[in-house]
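Atoms considered below: every heavy atom in the structure, side chains included; atoms not considered: hydrogens, waters and symmetry mates. Every chain is numbered from 1 and lettered A, B, ... according to where its sequence line falls, protein lines coming before strand lines.
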There are 2 protein chains.
Amino acid sequence: MNMESPPMKLVSQSAGQSRYGALAAALKARIVAGEWPPGSALPAEQTLATEHGVALGTMRQALALLVDEGLVKRIHGRGTFVCSGLTGAPMLRFFRFGDGAGEVPVSRIVSRQVLAAPAAVARALGVGPGDATLRLRRLRSLDDVPRLVEEIWLPLPLCSALQDGDTSAWGDLLYPHLAAACGVHVHRAVDEIGFGQLNAADAKALKLPTGHPSAVVRRQAFDLTGRCVECRTTRGDANAFQYTVFIT
Amino acid sequence: MNMESPPMKLVSQSAGQSRYGALAAALKARIVAGEWPPGSALPAEQTLATEHGVALGTMRQALALLVDEGLVKRIHGRGTFVCSGLTGAPMLRFFRFGDGAGEVPVSRIVSRQVLAAPAAVARALGVGPGDATLRLRRLRSLDDVPRLVEEIWLPLPLCSALQDGDTSAWGDLLYPHLAAACGVHVHRAVDEIGFGQLNAADAKALKLPTGHPSAVVRRQAFDLTGRCVECRTTRGDANAFQYTVFIT
DNA sequence: AAGTGGTCTAGACCACTCT
DNA sequence: GAGTGGTCTAGACCACTTG
C-alpha cells in the first residue's frame, strides 16, 4: 500500500505574515505566471485547501483577498475565475453630453503611426526613450457629434498585431480588441484629471474654437503583471465635464 | 437555581438574507439610534455573539460588513469603535498648489448670515424651501495666498450653535468644529466636480480676473442617519486642478 | 494577567449551476 | 445528482493592548 502523503504545495510564509496572506500571494504568483489564464477557472476551494494542507476557511480567506484585489471573481455554484480584464473603464463617465444614457460612443481611428517614444511617453510606458511605439489618434462621437479626441500610445513588440489591418473593424472599445488581437488584458488603470485649452487641431476635430477650455484625462493602463500596456490622453469640452467622488 | 436562558436579542431575518446580514443591520440600527455614540466602543465580539445566540464567526462576519460600510473601526487588542466621522475630506486633494505638501489651508470665515434656503439648497439639504439656514462664505489660503472660495449652507435648528460667537476660534477644519459645537458627525460625503468661470466677487477674492476658468466642487455631507448636514460649493483655479482616479 | 480582536481548524448543511 | 461556492458552528490558540 502506498502510504505516501499526497503531493502538497508548500508556501513560504515570511515572519509576521498570516498563512492566508502567504497563500494569496502564492496563488497570485501562479495567476500572474499564466498558470490559469484570464477567464479560466481555478480549482475548487476544497481542492486548493487540501493541496496546500490548510482548512477550508483559511483558503477562503486567501481567495477573498484575491477578490478584493480584483484578481479573481467567484460565482456561486460555478467556480472561481481569473478576471478577464476591464472592458472599457469608459471615458464617457467623466462627461455629461445631452442624452444622459450610458451608451458607448462611436470610435474612429483617424491616424496610426509607428513612432519613437517621446520621453514622457517612454516614462509612462516603462520603455526606453526612442523605443518603437504605436501612436493612435481616435475620435469618439455620440449621435454623429464628435465629443472626445484621444491620443493613444502602445508599446510595440507587444501590440504589433494592431499595426496593420482595417481599423474600422476594431469596434468601439479598445480593450476587448487588445485582448483578442494581442492577448493583452487590461487589469487596472489610473486616470489623472486636469484642465487645459484645446490646441488648433483638437479644437477643429471637436468643432470648438481654438483655446476652448477642455478637461484632460491622462491614463496609464496595466496588465496583470503590473506592466504598463497603454498610455493615453483624452480631451473633451470642459463645460461637459462632470465627475462624482464618494468619500467615506 | 435559575435555569432561565440568558436574555437574548432576537433579530428579524427576512427571507433570503443571511444571518450575519441581519445581525449587521440590527447593529447598524442600534448605532444610528445612538446606543453607541461615535468614538465609543461596542461590546466585545464574544459578548455580542452570545447575546444574539450565534457563533463567534457569524458575529465577526456581521462586524466585517459594518467595517466595510465605514460604520465601525476595529483595533486589535482594544476593541470595536463607532467611527467618529470624517475630519476633513480635504478639498485641497483636488488641487496642486506649488508646495506639494499636504498641509491644511488656513481658513477665514468672511461672511455668516441666516437666510431662507433657496430652492437648490433646500433640495440638497432635504429641508423645505425657505426654511432657515446658515450661510457661510469661507476663504482658504496657503502661505497667505488665497486659493479656494467656499459657500457653505448648514440646516438651522441643527447647527444653531454656529450662529454666534467668534468665528476666528473655529480652527481651519469645519467638521471637527461641527462635531464639537453641534454634535453633528459627518460620516459620508459626495463631491461633484465640474468646471466653470469665476464671477466678479469670487475672482476678486482669489485675485484672479473675472471669468477665469475655475474648478467647481459641489459637496453634500451626511451624518450616520443619512441626513444631509451640509451643502457646499468650492471654487479654485482650474489650472491648479488635478485629481487621480483608480480603476479596477 | 485580563481582555480584546486575529487566525485557524474540521467539520455540517445550504443554495446555486450545470448536465 | 454531482460539483461549486456561501453560511454557520464550536471550539483552539495567537497577537496586541492595557492596567
Side-chain angles (χ1 to χ4, degrees), chain A residues 5-6 8-27 31 36 39-84, chain B residues 5-6 8-27 31 36 39-84:
Chain A
S5 54
M8 186 181 299
K9 304 277 197 284
L10 289 184
V11 168
S12 71
Q13 182 176 1
S14 57
Q17 192 185 29
S18 58
R19 197 174 310 189
Y20 69 81
L23 285 169
L27 291 173
I31 291 172
W36 302 295
S40 69
L42 268 61
E45 56 182 15
Q46 185 55 263
T47 308
L48 287 171
T50 309
E51 259 185 24
H52 292 83
V54 299
L56 193 60
T58 304
M59 183 52 73
R60 285 183 61 78
Q61 275 186 286
L63 290 168
L65 281 187
L66 299 185
V67 170
D68 286 347
E69 220 176 318
L71 218 57
V72 304
K73 166 177 47 172
R74 312 197 73 181
I75 305 177
H76 193 168
R78 300 224 306 132
T80 305
F81 302 86
V82 179
C83 286
S84 337
Chain B
S5 52
M8 185 182 298
K9 302 277 198 286
L10 290 183
V11 168
S12 71
Q13 182 176 2
S14 57
Q17 192 186 27
S18 58
R19 196 173 312 188
Y20 69 81
L23 284 169
L27 290 173
I31 291 172
W36 301 296
S40 68
L42 269 60
E45 56 182 16
Q46 185 56 263
T47 308
L48 286 171
T50 309
E51 259 185 23
H52 292 83
V54 298
L56 193 60
T58 304
M59 183 53 72
R60 284 184 63 77
Q61 274 186 286
L63 290 168
L65 281 187
L66 299 185
V67 169
D68 286 347
E69 220 176 317
L71 217 56
V72 303
K73 169 178 42 171
R74 312 197 74 184
I75 304 177
H76 193 170
R78 301 226 304 134
T80 304
F81 301 85
V82 179
C83 286
S84 339

Would you say that A:Val54 contacts A:Tyr20 through its side chain, given a criterion of any heavy-atom pair below 4.5 Å between the two side chains? no
So, does B:Arg78 get its side chain near the phosphate of D:dC16, meaning an N or O under 4.0 Å from OP1 or OP2? no
Nearest-Å distance for atom pair CZ/C1', residues B:Phe81 and D:dT18: 11 Å
Considering all heavy atoms, the nearest B:Ala41-B:Trp36 contact: O-CD1, 4.0 Å
Bending between helix ends of the helix from C:dA1-D:dT18 to C:dC18-D:dG1 [5 pairs per end, 10° resolution]: 10°
Should B:Arg74 be listed as having a side-chain N or O under 4.0 Å from OP1 or OP2 of C:dG6? yes
Atom CD of B:Gln46 and atom P of D:dA12: how far apart are they, to the nearest Å? 12 Å
Quick check: on DNA chain C, is the nucleotide nearest A:Arg19 upstream (toward 5') of the one nearest B:Gly79, or the reverse? Name the residue that is more 5'. B:Gly79
Nearest 0.5 Å, please: how far is CD in B:Glu51 from CG in B:Leu23? 11.0 Å
Does anything in residues 59-71 of chain B reach DNA chain D, meaning a heavy atom under 4.0 Å, and if so which residues? none
Give the rounded distance in Å between these two atoms: CD of A:Gln17 and C1' of D:dC14. 16 Å
B:Glu45 CD to D:dC8 P, straight-line distance once rounded to whole Å: 16 Å
Examine C:dT9: is either OP1 or OP2 under 4.0 Å from a nitrogen or oxygen in the side chain of A:Thr58? Give yes or no. yes
Would you compute the distance between atom CD of A:Glu69 and atom CD1 of A:Ile31 and round it to the nearest 0.5 angstrom? 9.0 Å
Closest contact, heavy atoms only, A:Gly39 versus A:Phe81: O-CD2, 3.8 Å
Length of the NE2-P vector between A:His52 and C:dT9, whole Å: 13 Å
Quick one: is C:dT4 close enough that its OP1 or OP2 comes under 4.0 Å of any side-chain N or O from B:Thr80? no
Using the six-membered base ring of C:dG6, report whether B:His76 stacks on it, requiring centroids under 5.5 Å and planes under 30° apart. no
Show, in sequence, the C-alpha distance, side-chain angles and deciding distance for B:Gln61 and B:Leu65, and conclude whether the side chain to side chain contact (heavy atoms under 4.5 Å, CB included) test is met. CA-CA 6 Å; B:Gln61 274 186 286; B:Leu65 281 187; over 6 Å; no
Kindly compute the distance separating CG (A:Leu71) from NZ (A:Lys73), expressed to the nearest 0.5 Å. 12.5 Å
B:Gly70 versus B:Cys83, closest heavy-atom pair with distance: O-SG, 3.5 Å
Write down the distance between CG (B:Leu56) and P (C:dG5), rounded to a whole number of angstrom. 9 Å
Is the shortest side-chain heavy-atom distance between A:Thr80 and A:Glu45 below 4.5 Å? no
Could you state the interatomic distance from CG (A:Leu48) to CG (A:Leu63), rounded to the nearest 0.5 Å? 6.5 Å
Can you measure B:Leu48 atom CG to C:dT4 atom P for me and round it to whole angstrom units? 10 Å
Between B:Leu42 (CG) and C:dT4 (P), how many Å, whole number? 12 Å
Taking only side-chain nitrogens and oxygens of B:Tyr20, does any of them come within less than 4.0 Å of OP1 or OP2 of D:dC8? no
From the list D:dT9, D:dT4, C:dT9, which nucleotide is the closest neighbour of the side chain of B:Ala55? D:dT9
